[in-house]
**Student:** 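One structure is given below, represented as structure tokens, and several questions about it will come after.
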Amino acid sequence: MSLELSEQEIIRRETLQELRKAGINPYPAEKFEVNCTTAEILEKFPEDNSLFQDISIAGRIVNRRIMGAASFLEIQDTPGRIQVYFKRDDISPGEDKSMYNNIFKKHLDLGDIIGVTGFVFITQMGEITIHAKSFTILSKSLKPLPMVREKDDKVWDAFTDPEQRYRMRYLDLIVNPEIKEVFIKRTKLVNTIREFLNEREYLEVETPILQPLYGGAAARPFKTHHNTLDMNLYLRIANELYLKRLIVGGFDGVYEFSKDFRNEGMSRFHNPEFTQMELYVAYKDYYWMMECVEEMVERVAIALNGSTQVQVGENIIDFKRPWKRYTMFEAIEHFTGIDISKMDEVHLRETAKKLNIPVDETMGKGKLIDEIFGETCEDKLIQPTFIYDYPIEMSPLAKKHRTTEGLVERFEAVCNGKEICNAYSELNDPIDQRQRFESQLVLGQRGDEESMVLDEDFLRALEYGMPPTAGLGIGIDRLAMIMTNSHSIQDVLFFPQMRPEKKATTSSDEEFMSIGISSDWIPVIRKAGIQTIEALKKENPNKLFNDLNGQRKKLKLDIPALKIEEVSEWMK
RNA sequence: GUCUUCGUAGCUCAGCUGGUAGAGCAAUUGACUCUUAAUCAAUGGGUCGGGAGUUCGAGCCUCCCCGAGGACACCA
């Protein structure tokens, strides 16, 4: 038994021993047969009271109301909670009432996982309840659970600390079961997209996460090293260039749900690892892809929320097709009244200044247009909107516009003021692609850490010939945020990236023993707040001697009292 | 990275102008045969995030550090 534990944790460990003494294994190996769930009972029992008369159910104790010879627990399983009624004479039918009086009343705690057999009835207060005939301890909980209580939509003692919720997501899921809904919707979102793409017979594929060159996006990568090959590898920032190689290889439709990694800032919209779905379809163009995205996302909205309309913060967003479409120039004109489509770089810079957009001399034409759009339009685009025809400088993998010089065939869908996807008519001209990479290299040499690197093998693939192809990348986390009305990306990731928890520096038991302290006293010393040998040696021996023996008395420890000589000996 | 707010019992929080650390729930003991924020009585539980400084005296003031949230920057 460790004295570093809290009072409640010590008590629970003692309870564990009591159970073992009573011949009960608190962590049994046998399976426990479950034949129904809380959701099934709550749904079907009101319509037919003859159902659920011989049930076996398992769950975690999340509430207790213990009385004399009858008691109520609430147990929680995956879909929900239900009340369970325990009556002394049912649990302990014979003379020996210890199963009810001791095991049930004293050795069960909030957080324990139990199995229950019995039948369903309705209490005098009108609540659907399981009348327990027997119960089995399936797992003993050694840490006290935060106790969230609620009535009439009012909540007391909610477990809300975001740090703890994100670090201990398991606890968050137990105590705030409604957040399960967000993650269930996220999975449904992925499944809906997968079904949509599979219906069209596109092939779901897997491509390398460890890449010798990182490509397909503009971002800083995570770097790692392979020992056997003695080479640097990068965690992928995108999988675009690999999927296009598969299009070259003759698959006409490929997609991948891809965990990508970007070594950049974190915010409520950015986690270092995140999920994108990328899709490439041969013989299509970006107009075709817009329709594909509309149909897919509309379907997701209906699958998750039963409607094309989704409440997001203050706004109701309607994904019903068709979505609004603006070229980038049209969008800027719409929101600022200024037509920049014919402007040269000098003129654009003046316009940006007039609009109070910070500019510097390194910005080229494309960057200026992008800045003007970002500052004046993006926030205002709440309903899903396609923005298309981007300046060529920002898009080294997109095909040149079929009619307009200086633009590429690219679109983004913007929704709730944020980009949710990015798509092109893919560049398949290998000569043009090489030139675009080369101009990225120039940017890199000028110190742009996010410029793309030149991938010779990818160019070789293009030289063999890639069919005209439409490509899409859609941010699954961002889409999940919108579809679940979540404020932060951390709310749609089970385990968002966090700084490591700090560990207080402590000396090991061995180190304490090496200066002559017996193992019995080490926990007492730690309990007194002395975690290191250095700290111990700074103590006054007389005071320490008194304090430790005081603890011994207080905690009724069954070890001999210390002598002052022993304490002095440690100090040497 | 910058600014800003926060960190007190297992959980949610209070703590006055710097003067002996508090409440509710949870826990322990007892009472109670349909309760539901169960109720009633009693009891125990604290490195006030960590460290330094100012002070006769610091949860409170100052500085540094750690962690978290928010905003901004960056990230098409």
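Throughout, protein chains are lettered first and strands after them, A, B, ... in sequence-line order, and every chain is numbered starting at 1.
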**Student:** Distance check needed: B:U36 C1' versus A:Met125 CE, whole Å only.
**Tutor:**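 Atom CE in A:Met125 sits about 7 Å away from atom C1' in B:U36.
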**Student:** Check whether any side-chain N or O of A:Arg165 sits under 4.0 Å from OP1 or OP2 of B:G69, and answer yes or no.
**Tutor:**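 So the side chain of A:Arg165 is outside the cut-off, no N or O lying under 4.0 Å from OP1 or OP2 of B:G69.
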**Student:** If the cut-off is 4.0 Å, is A:Arg167 near the phosphate of B:A68, judged by side-chain N/O to OP1 or OP2?
**Tutor:**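 True: A:Arg167 side-chain N/O within range (under 4.0 Å) of B:A68 OP1/OP2.
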**Student:** Quick one: is A:Asn63 getting a side-chain N or O under 4.0 Å of the B:U35 phosphate, OP1 or OP2?
**Tutor:**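 No, because none of the side-chain N or O atoms of A:Asn63 sits under 4.0 Å from OP1 or OP2 of B:U35.
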**Student:** What is the distance, to the nearest angstrom, from the OH atom on A:Tyr388 to the P atom on B:A76?
**Tutor:**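 Interatomic distance, OH of A:Tyr388 to P of B:A76: 24 Å.
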**Student:** Quick check for you: among B:U35, B:U28, B:A76, whose closest atom lies nearest to any side-chain atom of A:Met452?
**Tutor:**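 Side chain of A:Met452 sits closest to B:A76.
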**Student:** Please give, in whole Å, the distance from B:C66 P to A:Glu163 CD?
**Tutor:**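 It works out to 14 Å between those atoms.
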**Student:** In Å and rounded to the nearest 0.5 Å, what is the CD to CZ distance from A:Glu273 to A:Arg236?
**Tutor:**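 Interatomic distance, A:Glu273 CD to A:Arg236 CZ, rounded to 0.5 Å: 11.0 Å.
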**Student:** Have a look at A:Phe373 and say if it touches a base, only the backbone sugar-phosphate, or nothing, with a 4.0 Å heavy-atom cut-off.
**Tutor:**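 The answer is nothing, as A:Phe373 stays clear of every strand by at least 4.0 Å.
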**Student:** Roughly, in whole Å, what's the span from CD1 in A:Ile11 to P in B:G10?
**Tutor:**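 A:Ile11 atom CD1 is separated from B:G10 atom P by 12 Å.
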**Student:** Tell whether A:Asp157 reaches the base of B:G24 with its side chain through a donor-acceptor pair below 3.5 angstrom.
**Tutor:**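 Answer yes: a donor N or O sits under 3.5 Å from an acceptor.
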**Student:** In whole angstroms, how far is the C1' atom of B:U36 from the CD1 atom of A:Ile75?
**Tutor:**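 Nearest whole value for this atom pair: 15 Å.
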**Student:** For the side chain of A:Ala69, starting at C-beta, report the closest nucleotide among B:U33, B:G10, B:U12.
**Tutor:**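 Of all the options, the side chain of A:Ala69 is nearest to B:U33.
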**Student:** How long is the line joining CD of A:Gln164 and P of B:G67, in whole Å?
**Tutor:**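 One finds 16 Å between P of B:G67 and CD of A:Gln164, rounded.
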**Student:** In whole Å, what separates the P atom of B:G46 from that of B:A21?
**Tutor:**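 Pairwise P distance, B:G46 against B:A21, rounds to 13 Å.
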**Student:** Using 30° and 60° as the class boundaries, would you call the ring planes of A:Tyr85 and A:Phe72 parallel, tilted or perpendicular?
**Tutor:**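 Rings of A:Tyr85 and A:Phe72: tilted, as their planes differ by 30° to 60°.
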**Student:** Contact class for A:Gln490 vs. all strands (heavy atom < 4.0 Å): base, sugar-phosphate, or nothing?
**Tutor:**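 Touches sugar-phosphate only.
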**Student:** Looking only at N and O atoms, is any donor in the side chain of A:Arg149 or the base of B:A37 less than 3.5 Å from an acceptor on the other one?
**Tutor:**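 Such a pair exists between side chain and base.
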**Student:** Mind checking A:Ala218 for me? I need base, sugar-phosphate or nothing, with any heavy atom below 4.0 Å counting as a touch.
**Tutor:**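 Base contact.
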**Student:** Under 4.0 Å between any heavy atoms, over every strand shown, what does A:Arg65 touch: base, sugar-phosphate, or nothing? Just pick one.
**Tutor:**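 A:Arg65: base contact, heavy atoms under 4.0 Å.
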**Student:** Take atom CE of A:Met147 and atom P of B:A9, then tell me their distance rounded to the nearest Å.
**Tutor:**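 Between P of B:A9 and CE of A:Met147: 19 Å.
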**Student:** Side chain of A:Leu110: nearest nucleotide among B:A26, B:A68, B:U12?
**Tutor:**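 Nucleotide nearest to A:Leu110's side chain: B:A26.
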**Student:** Let's test your reading of the model: under 3.5 Å, does the base of B:U35 pair with the side chain of A:Gln83 as donor and acceptor?
**Tutor:**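 Under the 3.5 Å cut-off, the side chain and the base do form a donor-acceptor pair.
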**Student:** Taking N and O atoms by type only, does the side chain of A:Arg64 place a donor or acceptor under 3.5 Å from a partner on the base of B:A27?
**Tutor:**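 Answer no: no donor N or O sits under 3.5 Å from an acceptor.
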**Student:** Classify the nucleic acid contact of A:Met328 as base, sugar-phosphate or nothing, counting any heavy atom under 4.0 Å across all strands shown.
**Tutor:**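 Contact class for A:Met328: none.
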**Student:** Is A:Glu7 side chain donor-acceptor paired with the B:A27 base, going by distance under 3.5 Å alone?
**Tutor:**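 Counting by modelled atom types and ignoring angles, no donor-acceptor contact under 3.5 Å is found here.
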